[in-house]
Amino acid sequence: MPAVVVVGTQWGDEGKGKATDQLGQDVDYVVKFNGGNNAGHTVVIDGEKFAFHLLPAGVLTPGVVPIIGNGVVVDLEVLFNEIAEIEARGKDASSLRISANAHIIPSYNRVLDRTTERFLGARQLGTTGRGIGPTYADKMNRVGIRVQDLFDESILRQKVHSALDQKNGLFLKVFNRPAIDPDEVADELLSYAERVRSMVIDCSLVLNDALDAGKTVLFEAGQATMLDIDHGTYPFVTSSNPTAGGACTGTGVGPTRIDSVVGVVKAYTTRVGEGPFPTELLDDMGERLRTEGGEFGVTTGRPRRCGWHDAVVTRYACRVNGLTDLVMTKLDVLTGHATIPVCVAYDVDGERTEEMPLTQTGFHHAKPIYEELPGWSEDITGVREFSDLPQAAQDYVLRIEELARTRISAIGVGAGREATITRHKLLG
């Protein structure tokens with residue numbers, strides 16, 4: 001099975017890094033196809049924790065070529081800081097490659113992102129302030145700066161001046177802050193040119209040649225389905241497509257070459273930032289899930305909003321992505337609950353629906369309809385066979401699988417790479 005896409009099925013933080021890292025043991029290429037350093041993932045190897053914000057998870061696996069695709073926006077300072085950090089810990093990042101068509105996050109877009117959020121006040125969207133949205137906006141407005149522009153100083157300076165002609169007017173007249181010197185920005189970007197030159201590739205060509213040669217390619221999404229710019233809880237979303245279709249547009253590999261799509265789903269539900277969240281728990285139970293699950297953002301450190309598993313969202317993600325498999329993470333966090341509610345439908349203004357409401361207003365008004373499942377008290381972190389789980393834990397997994405209408409092929413029962421129960425092979 002040469003090409004597999006891994007996506008998040010909720011609002012992110014499902015454990016895609018761990019799933020990608022595990023699958024990455026058996027692949028030749030791991031490709032990040034969307035987002036930037038606004039999302040992070042944590043990988044634990046031999047008890048050692050690595051937090052990534054921009055690098056693909058596969059960068060830690062010997063023999064794997066990690067690639068940043070054209071659908072990603074790249075903060076060069078963050079990129080080289082991450083490389084330096086893992087190299088200082090004895091890991092090799094020399095195999096990293098970057099699409100020539102990936103867009104760069106210039107410093108002025110970080111300023112614009114933070115300034116705009118402050119300006120919005122109570123209406124803010126909850127961005128990370130890292131310039132992701134403004135850089136994707138530049139891309140669509142055709143005033144963006146791409147990695148390949150680093151190698152043509154004249155073009156680069158023209159593009160920076162053009163972009164700042166517009167943005168400096170905004171800074172000065174709307175936000176009442178000083179203008180930004182375009183030449184200083186260009187000089188900063190050009191300082192990275194030689195460091196990045198050897199990494200730059202034609203992403204589409206490299207990956208299609210690899211697939212032609214029978215190599216295995218893993219496509220890794222940043223963020224998750226419910227944060228997709230088209231299919232998520234707009235406007236409280238990211239600025240790219242972290243759904244399966246984004247793997248094609250974000251790398252230059254056609255949809256007929258994808259063999260399977262794996263969705264990562266947490267045993268409960270979390271989200272970071274603003275926006276509706278039907279199963280959110282604003283009580284001691286929510287705090288318990290947050291504490292026991294370690295639910296704090298890898299990139300921002302923000303506490304995550306926590307709630308019970310939302311099967312309506314999971315089923316929607318299975319449909320939107322065409323999932324072939326689910327990987328459930330953090331089942332162990334639910335240990336110790338007498339009963340565990342699962343949201344099986346919504347009440348929207350007095351009407352029951354088992355599908356996502358048509359409108360954002362409907363989703364905002366949705367109230368969860370729960371089904372109570374028996375809990376378990378046994379420690380499951382050492383379990384490696386599904387049949388060895390407590391019966392209540394098995395029943396919980398099987399009910400989520402039934403509601404999702406997609407098989408759950410692997411189950412995470414701890415933080416480490418090895419703490420996984422495999423029910424069905426994901427590769428091969």
Side-chain angles (χ1 to χ4, degrees), residues 32 34-38 52-56 59 65-88 93-116 128-172 177-206 239-240 250-252:
K32 183 170 182 176
N34 79 292
N37 59 305
N38 54 338
F52 297 132
H53 309 284
L54 188 55
L55 291 174
V59 74
V65 178
I67 296 178
I68 294 174
N70 60 271
V72 177
V73 290
V74 181
D75 185 316
L76 293 170
E77 181 181 2
V78 170
L79 175 68
F80 285 107
N81 283 344
E82 284 196 24
I83 290 172
E85 182 179 345
I86 66 169
E87 288 182 340
S94 62
S95 59
L96 177 68
R97 298 294 180 263
I98 304 172
S99 170
N101 291 339
H103 280 246
I104 294 172
I105 301 174
S107 57
Y108 51 76
N109 278 345
R110 293 194 295 272
V111 174
L112 179 61
D113 199 358
R114 292 191 296 269
T115 306
T116 302
T128 58
R130 285 164 168 76
I132 312 297
T135 301
Y136 277 115
D138 282 357
K139 179 178 180 177
M140 295 305 159
N141 286 327
R142 291 161 292 185
V143 293
I145 297 166
R146 299 194 292 180
V147 169
Q148 60 180 278
D149 296 329
L150 294 175
F151 312 124
D152 188 326
E153 181 175 348
S154 175
I155 288 291
L156 179 70
R157 290 193 183 277
Q158 287 178 40
K159 288 190 171 186
V160 171
H161 275 265
S162 178
L164 281 175
D165 281 346
Q166 300 175 27
K167 295 181 196 292
N168 274 334
L170 189 63
F171 288 140
L172 288 165
R177 58 153 294 126
I180 293 173
D181 185 338
D183 287 318
E184 287 185 8
V185 174
D187 289 343
E188 178 193 359
L189 293 173
L190 288 166
S191 71
Y192 291 104
E194 291 312 309
R195 295 173 69 185
V196 79
R197 187 183 294 274
S198 63
M199 302 177 184
V200 179
I201 59 167
D202 181 332
C203 181
S204 175
L205 179 62
V206 168
S239 302
S240 60
T251 63

**Student:** Can you name the residues that form a side-chain contact (heavy atoms from CB on, under 4.5 Å) with Ser204, not counting sequence neighbours?
**Tutor:**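 Only Asp202, Asn208 meet the side-chain contact (heavy atoms from CB on, under 4.5 Å) criterion with Ser204.
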**Student:** Mind checking salt bridge (Lys or Arg N to Asp or Glu O under 4.0 Å) for Lys139 and listing every partner two or more places apart, or none if nothing turns up?
**Tutor:** none
**Student:** Excluding sequence neighbours, so at least two apart, what forms salt bridge (Lys or Arg N to Asp or Glu O under 4.0 Å) with Asp183?
**Tutor:**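 By the salt bridge (Lys or Arg N to Asp or Glu O under 4.0 Å) rule, Asp183 matches Arg157.
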**Student:** When you measure from the side chain of Tyr136 to the backbone of Gly131, do you find a donor-acceptor pair of N or O atoms at a distance under 3.5 Å?
**Tutor:**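 Pair absent, no side-chain N/O of Tyr136 close to backbone of Gly131.
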**Student:** Could you go through the side-chain contact (heavy atoms from CB on, under 4.5 Å) check for Ile98 and Val196 one step at a time?
**Tutor:** CA-CA 8 Å; Ile98 304 172; Val196 79; 3.8 Å; yes
**Student:** Can you list every salt bridge (Lys or Arg N to Asp or Glu O under 4.0 Å) pair that touches residues 67-83, not counting sequence neighbours?
**Tutor:** Asp75-Arg110
**Student:** Out of the candidates His103, Gln166, Lys167, only one should pair with Asp138 under the side-chain hydrogen bond (donor to acceptor under 3.5 Å, both in side chains) rule; please name it.
**Tutor:** Lys167
**Student:** In chain order, what residues pass the side chain to side chain donor-acceptor pair (under 3.5 Å) check against Asn168, with sequence neighbours excluded?
**Tutor:**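 Not a single residue meets the side chain to side chain donor-acceptor pair (under 3.5 Å) criterion with Asn168.
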**Student:** Can you name the closest pair of heavy atoms from Ser95 and Val65 and give their distance?
**Tutor:** O-CG1, 3.7 Å
**Student:** Taking side-chain contact (heavy atoms from CB on, under 4.5 Å) as the definition, give me every residue that meets it alongside Pro134, ordered by chain and number, with sequence neighbours left out.
**Tutor:** Asn109, Leu112, Asp113
**Student:** With sequence neighbours left out, what residues match Arg197 under side chain to side chain donor-acceptor pair (under 3.5 Å)?
**Tutor:**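 Expected list: Glu194.
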**Student:** What residues, two or more places apart in sequence or in another chain, satisfy side chain to side chain donor-acceptor pair (under 3.5 Å) together with Glu85?
**Tutor:**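 Glu85 satisfies side chain to side chain donor-acceptor pair (under 3.5 Å) with no other residue.
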**Student:** Residues two or more places apart in sequence or in another chain: which of them pass side-chain contact (heavy atoms from CB on, under 4.5 Å) with Asp152?
**Tutor:**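 side-chain contact (heavy atoms from CB on, under 4.5 Å) check on Asp152 returns Ser154, Ile155.
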**Student:** With sequence neighbours excluded, tell me which residues meet side-chain contact (heavy atoms from CB on, under 4.5 Å) with Asn101.
**Tutor:**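 By the side-chain contact (heavy atoms from CB on, under 4.5 Å) rule, Asn101 matches Asn70, Ser99, Arg146, Gln148.
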**Student:** Taking ring pair (Phe, Tyr, Trp, His ring centres under 6.0 Å) as the test, write out the residues that go with Phe171, two or more places apart.
**Tutor:** none
**Student:** Can Asn37 and Ile132 be said to form a side-chain contact (heavy atoms from CB on, under 4.5 Å), step by step?
**Tutor:** CA-CA 8 Å; Asn37 59 305; Ile132 312 297; 3.8 Å; yes
**Student:** Can Ile67 and Lys32 be said to form a side-chain contact (heavy atoms from CB on, under 4.5 Å), step by step?
**Tutor:** CA-CA 6 Å; Ile67 296 178; Lys32 183 170 182 176; over 6 Å; no
**Student:** Mind checking ring pair (Phe, Tyr, Trp, His ring centres under 6.0 Å) for Phe151 and listing every partner two or more places apart, or none if nothing turns up?
**Tutor:**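 If we apply the ring pair (Phe, Tyr, Trp, His ring centres under 6.0 Å) test to Phe151, skipping adjacent residues, there are no hits.
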**Student:** Please report the shortest heavy-atom distance between Leu172 and Ala179, naming the atom on each side.
**Tutor:**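 For Leu172 versus Ala179, the nearest heavy atoms are CD2-N, 3.9 Å.
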**Student:** How far apart are the C-alpha atoms of Arg97 and Ile68, what are their side-chain angles, what is the distance that settles it, and do they pass the side-chain contact (heavy atoms from CB on, under 4.5 Å) test?
**Tutor:** CA-CA 6 Å; Arg97 298 294 180 263; Ile68 294 174; over 6 Å; no
**Student:** Show the nearest heavy-atom pair for residues Val72 and Gly35, with the distance to one decimal.
**Tutor:**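 Val72 and Gly35 have their closest heavy atoms at CG1-O, 3.0 Å.
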**Student:** Taking all non-hydrogen atoms of both residues into account, name the closest pair between Ala186 and Leu156 and its distance.
**Tutor:**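 Here Ala186 and Leu156 meet closest at O-CD2, 3.9 Å.
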**Student:** Provide the closest heavy-atom pair for Pro182 versus Leu164 in the form atom of the first, atom of the second, distance.
**Tutor:** CA-CD1, 3.5 Å
